[in-house]
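Throughout, a chain's letter reflects where its sequence line sits, starting with A, and its residues are numbered from 1. Bear in mind that the values here come from a model prediction, so they are computed numbers and not experimental data.
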Amino acid sequence: MTATRFDLSPQYDPHAVERPLYRRWVERGVFTARVDSPKPPYVIVIPPPNVTAVLHMGQGLNNVTQDVLIRFERMRGREALWLPGTDHAGIATQNVVERIIATEGKSRFDLGREAFVARVWAFVKETGATILEQLKVIGASCDWTRTRFTLDPAYSRAVRDVFVTLWEEGLIYRGHRVIHWCPRCLTALSDEEAESKDIDGKLYFIRYHVEGGPKPYLTVATTRPETMLGDTAVAVNPKDPRHRGFVGKVARVPIIDLPVPIIADEAVEPGFGTGFVKVTPAHDATDFEIGLRHKLEMPLVMTEDGRMEHPTRVPKTLADLDRFDAREKIVDMLKERGLLEKVEPHRHAVRHCYRCDTVVEPRLSDQWFVKMKPLAQPALEAYRTGAIRLVPERWGATYEHWMENIRDWNISRQLWWGHRIPVFTCTKCVPPRQWADREDPKACPECGGPVEQDPDVLDTWFSSWLWPFATLGWPDETPDLKRFYPGHTLVTAPEILFFWVARMIMAGYHFRADRPFATVYLHGTVRDTQHRKMSKSLGNGIDPLDVVGKFGADALRWTTIAGVSLGSDLILDPNDLETTFAPGRNFANKLWNIGRFILAQLPERVQSISNLDPSRLALADRWILGQAYKTIVAATEHLEAFRLDEAAKTCFEFAWSDLADWYVEAVKPRLAAAASPSAAAQRAPAASGDAAAAQAVLVFCFDTVLRLLHPVVPFITEELWQKLPGRQPEDLLAVAAWPTVPAALPKLRADFEFARVQEAISKIRAIRAEYRVAPKTRVAATIKPRTELIRAAFDGERDTIVRLAQLSELQFDGGLRGTGAHAVLADGSEVFVALSDAIDVQQECRRLSGELTRLEQQLAGLAAKLTNQQFVARAPAEVVAKEREKERAWRDQRQVLADKLKSLGCS
RNA sequence: GGGCGAAUAGCUCAGUUGGUUCAGAGCGCCUGCCUUACACGCAGGAAGUCGGGGGUUCGAAUCCCUCUUCGCCCACCA
């Protein structure tokens, strides 16, 4: 009696199941980590997306990866916490809102600071949760009860505490130096925020008149003629023999005819350009250093937004011109005066603002800095001792290099959106008293005078670097903090290794005296087929939600996991979503239909395989169980090693190639026989394997593979798993146990025999193609096993073979005549194929003995190596040990082969 | 200028410590099938001297050297 207990459509419809399932997971609280749970914790903190962000494929890859790991560990019995949230993203968010008010014809200065910040808050409150909602669509199993925002009051308190603590430790200082300045965002940037890009520029060779020198003029080479107006010296290398006579003389800056000294400084590279360098201390970091050494004047000749301006140095014709317009104009003026010697094309690195891509202007200013060396030391140590591991390892070198050469961090931003710097100045005290404070002071504690707060805000990364503990309630010793710090895995892109990851590690050790996580998994970048990074500006992006709409969330997840190996880039074709995402959709559909078939075959009650008498297992049963166990082991190992693609593919193969293509087809005759006993009675009785056993095995295998696949494709697996027999309404796959292999694994020993069955069937199927046999032709064939082993295998599988042969459009009648297959062709002629080849013992003997021979050769080679004194003496001990281990393994293998040959009766 | 990575079938990529199962997968292509789970499917098939060259080894897609091409990161030659 086959009760069709579920009426399922032939095609899986992701849209019908995804949202309701997600709601159930959330309602049942399966994503919520419990503080009082006895389970060992497993913690991932999300790389918080910008509040204004909308989901793109890069975040899709990032978050699906995290979700796979967190779901895996949750099923393995860990108290899994995936902590979500968003970043206020200072410049980025301020830019977005500024653009919006620009459409109203206003600037932030029109609104004023308070009103502008209120406006940003309103914007954030309105649209800020967009990306988090989108994460739910792709199935992210975040603990939404713990969602955080880097500008939450509690979080802000942590940021402020950190600032004041560093201040108290003397690690924060006011620096007067040349920093990266974005003339569009009107703020300072850190070194990391000013990205180098190679630009095809020009090198201008400009003559400066010299008074009383060996020659009447000298020539400097510069890529930025406009900075000439800020020159306060010309420098040469003291060791440069060509220009010795010039040092101490005076050069005249063209156009403004300003006298500047010619000085000697080691920083000048004699090999570059002419050996003469114009020195502009206020607009170049190197020149600033030279300026310090030679006590030069340091005039700024540009406004904050990059226009030329200086009371004496900028002539009227150039005043107020944008720096690039000024460059052209100055070049023209030099040409007119015959002072432009030549212009050469010159490719060089130019810093750009990482938020708006504007060319950064080096600018002398006062900023707050953090001394990084003391913080970097433990973070470097942690990596070297293995307390923190990078995956893939190759990033370790980059990390070490950055840490070793770390530079102080400019943390002040001339923005309004962000954490206001808690530095206060008394305007009454003399000298002015300045201090950092955890609370807003109402008056100067010294003199009771009025107090002013620093107008700037902190770098957005100055709050994100606290993410792993500030989200858990730090600086208070909350239960969450005690339980969920330190965390375990951080999943992110290498781009923010320095911005974020390295700094989190430093903060973790400095403020918690412990690592924030043990493993940093660095995944690749999402690119198009031309290997260009997907981006809005290039228009080569793929909208993950569009993909979910077309193919389902599982399809999106499948491609991002199965399509990318550890640490490599994910190449997707935005112009062909079908090719890119259909495999996942097709696989989900395959699972759906396997489920549909199995469910239709099941009686009310299905036995558990653990209660099944092993003697009731047919060859195919034993084989598929063996495959299932292998898959459990492989998938688990791969996930543990972050080989997510391998884990996914292993399960895919088991589900599709083993379970669906072979096993399901193989048990159909048995199931059919059980369904109609009268028909079965006419058949030869099966040697072993009854329908109930097949049902038990089917359920076990399907249940197992659904569990294994759940982290990757949670929706389809949950939907099907709940339909399996014996499920209670409250059962959820999301918190079901991860499969394990029984400690006492039953001896299945079916590989060899079933491989012979598969081989025989392939042989029969091949008849069609080879002889162009018309479909449905009846083929008579006899499989003539020559050993007991194979005979036993085939006797039990006669129905199976008939059935499987049918899949190639052949009517194979179980084999009665002759020793081969024989088919009647369309024209009435007959063909005959010797099927015995497929299972020919002699052939098998030849194959096996060939293998044995090769193995013997290998063993001989290895033995030679191992007896070679030089090798043993010089190779590292572990290599030698490994070779010995290999030798042992091969000897075992040799024994296995020999046994097989013996059992086949080969000579 | 330094460092790192990649190059395998038409496309996108696997291939873990060199060794039977290694030359693979998905898509695409060719042939035939609506076989009562699935045409988002089934069966069969074609297709690669593993970027070039050299080396180590009994044995190399895998290790070493070198060249070519592409990509990334870092760097104050203006």
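Test A/Glu193, A/Glu495, A/His180 against A/Tyr354 for side chain to side chain donor-acceptor pair (under 3.5 Å) and you get one pass: A/Glu193. The one candidate from A/Thr232, A/Asp284, A/Val279 that meets the side chain to side chain contact (heavy atoms under 4.5 Å, CB included) condition with A/Ile290 is A/Val279.
When each of B/rC72, B/rA37, B/rU16 is scored by its nearest atom to the side-chain atoms of A/Arg527, the top-ranked nucleotide is B/rC72. You'll find that the side chain of A/Val268 is closest to B/rA78, out of B/rG26, B/rA78, B/rA37. Each of B/rC76, B/rA78, B/rA37 was ranked by its minimum atom distance to the side chain of A/Phe597; first place goes to B/rA37. Closest to the side chain of A/Glu269, from the set B/rC40, B/rA78, B/rA75, is B/rA78. Considering only the side chain of A/Asp198, B/rA75 comes nearest among B/rA78, B/rC38, B/rA75. Comparing B/rA75, B/rA78, B/rC40 against the side chain of A/Gln11 picks out B/rC40 as the nearest. Relative to the side chain of A/His346, the nucleotides B/rC73, B/rA78, B/rA37 differ in distance, and B/rA78 lies closest. Of the listed nucleotides (B/rC74, B/rA78, B/rG26), B/rC74 has the atom at the smallest distance from the side chain of A/His401. With B/rA37, B/rG15, B/rC73 as the candidates, the nucleotide lying closest to the side chain of A/Thr398 is B/rC73.
A/Ala562 comes within 4.0 angstrom of nothing in the nucleic acid, heavy atoms only. Using a 4.0 Å heavy-atom distance criterion, A/Glu646 is classed as a sugar-phosphate-only contact. Residue contacts shown for A/His283 are absent, as no nucleic acid heavy atom lies under 4.0 Å away. If you check every strand for non-hydrogen atoms under 4.0 Å, A/Arg643 touches sugar and phosphate atoms only. At the heavy-atom level, A/Val279 lies nowhere under 4.0 Å from the strands shown. Within 4.0 Å (heavy atoms only), A/Val220 reaches no atom of the nucleic acid at all. Counting any heavy atom pair closer than 4.0 Å across all strands shown, A/Ser568 reaches sugar-phosphate atoms only and no base atom. Using a 4.0 Å heavy-atom distance criterion, A/Ala588 is classed as making no nucleic acid contact. Residue contacts for A/Ala397: at a heavy-atom cut-off of 4.0 Å it reaches no nucleic acid atom on any strand shown.
With C1' as the reference atom, B/rC50 and B/rC63 are 16 Å apart, rounded to whole Å. Only the P atoms considered, B/rG24 is 15 Å distant from B/rG19, to the nearest whole Å. Taking the C1' atom of each, B/rG26 and B/rA14 are spaced 10 Å apart, rounded to whole Å. Distance check on atom P: B/rC38 versus B/rU31 gives 25 Å, rounded to whole Å. Remark: the separation of the P atoms in B/rA43 and B/rA25 is 13 Å, to the nearest Å. For B/rC76 and B/rG71, the C1' atoms lie 26 Å apart once the distance is rounded to whole Å. Between the P atoms of B/rC58 and B/rG18, the separation comes to 16 Å (whole Å).
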The test is salt bridge (Lys or Arg N to Asp or Glu O under 4.0 Å); show your working for A/Glu646 and A/Lys649 and say whether it passes.
CA-CA 5 Å; A/Glu646 292 290 335; A/Lys649 285 174 192 165; 5.3 Å; no
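With a 6.0 Å cutoff to the six-membered ring centre and a 45° limit on the axis angle, A/Lys342 does not count as a cation-pi contact of A/Tyr204.
For A/Asn586 and B/rG41, the shortest distance from a side-chain N or O to OP1 or OP2 is below 4.0 Å. The phosphate of B/rA75 has OP1 or OP2 within less than 4.0 Å of a side-chain N or O from A/Arg407. Considering only side-chain N and O atoms, A/Thr274 lies nowhere under 4.0 angstrom from the phosphate OP1 or OP2 of B/rA78. Neither OP1 nor OP2 of B/rG24 sits under 4.0 Å from any side-chain N or O of A/Lys649. Residue A/Arg394 has no polar side-chain atom (N or O) positioned under 4.0 Å from OP1 or OP2 of B/rG5. Applying the 4.0 Å criterion to OP1 and OP2 of B/rG26, one finds that A/Lys590 has every side-chain N and O outside that range. Distances shorter than 4.0 Å separate some side-chain N or O of A/Trp656 from OP1 or OP2 on B/rC42.
Each of A/Pro10 and A/Phe272 was matched to the nucleotide of RNA chain B holding its nearest heavy atom; the match closer to the 5' end belongs to A/Pro10. Ranked by how close their nearest RNA chain B nucleotide is to the 5' end, A/Trp395 and A/Leu659 are led by A/Leu659.
When rounded to the nearest whole Å, the span between OH of A/Tyr12 and C1' of B/rG41 equals 18 Å. Atom pair A/Lys668:NZ and B/rA43:C1' shows a separation of 13 Å (rounding to whole Å applied). The distance between atom CD of A/Glu653 and atom P of B/rG24, rounded to the nearest whole Å, is 13 Å. Between A/Ile206 atom CD1 and B/rA78 atom C1' the separation is 11 Å, expressed in whole Å. In this structure, A/Asp661 atom CG and B/rU35 atom C1' are separated by 14 Å, rounded to whole Å. Note: CZ (A/Arg596) to C1' (B/rG41) measures 12 Å, nearest angstrom. Atom C1' of nucleotide B/rC27 and atom CG of A/Asp573 are separated by 11 Å, given to the nearest angstrom. What separates CZ of A/Phe288 from P of B/rA78 is a distance of 20 Å, to the nearest Å.
A salt bridge is absent between A/Glu653 and A/Lys630; no separation between the charged side-chain nitrogens and carboxylate oxygens falls under 4.0 Å. Between A/Arg407 and A/Glu192, no side-chain nitrogen of the basic residue sits less than 4.0 Å from a carboxylate oxygen of the acidic one, so the salt-bridge criterion is not met.
Under the Watson-Crick or G-U wobble criterion, with both distances below 3.5 Å, B/rU49 is left unpaired in every strand shown. Partner assigned to B/rC72 is B/rG3, using Watson-Crick or G-U wobble distances below 3.5 angstrom. Here B/rC42 sits opposite B/rG32 as a Watson-Crick or G-U wobble pair (both hydrogen-bonding atom distances under 3.5 Å). As the counterpart of B/rA23, no nucleotide is assigned, since no Watson-Crick or G-U wobble pattern has both distances under 3.5 Å. Nucleotide B/rU56 forms a pair with no other nucleotide shown, judged by Watson-Crick or G-U wobble geometry with both contacts under 3.5 Å.
A/Thr227 and A/Lys278 form a side-chain donor-acceptor contact under 3.5 Å, judged by distance and modelled atom types alone.
Inter-residue side-chain proximity for A/Lys590 and A/Asn593 is flagged as unmet; no heavy-atom pair is nearer than 4.5 Å. Side-chain contact between A/Lys202 and A/Pro345 is absent, with no heavy atoms from C-beta onward closer than 4.5 Å.
Judged by atom type and distance alone, A/Thr579 does not reach the base of B/rC27 through any side-chain donor-acceptor pair under 3.5 Å. The base of B/rA37 sits within donor-acceptor range of the side chain of A/Glu665, with an N or O pair under 3.5 Å.
Counting non-hydrogen atoms of other residues, nucleotides and ligands closer than 6.0 Å to CD of A/Glu393 gives a total of 12 or fewer.
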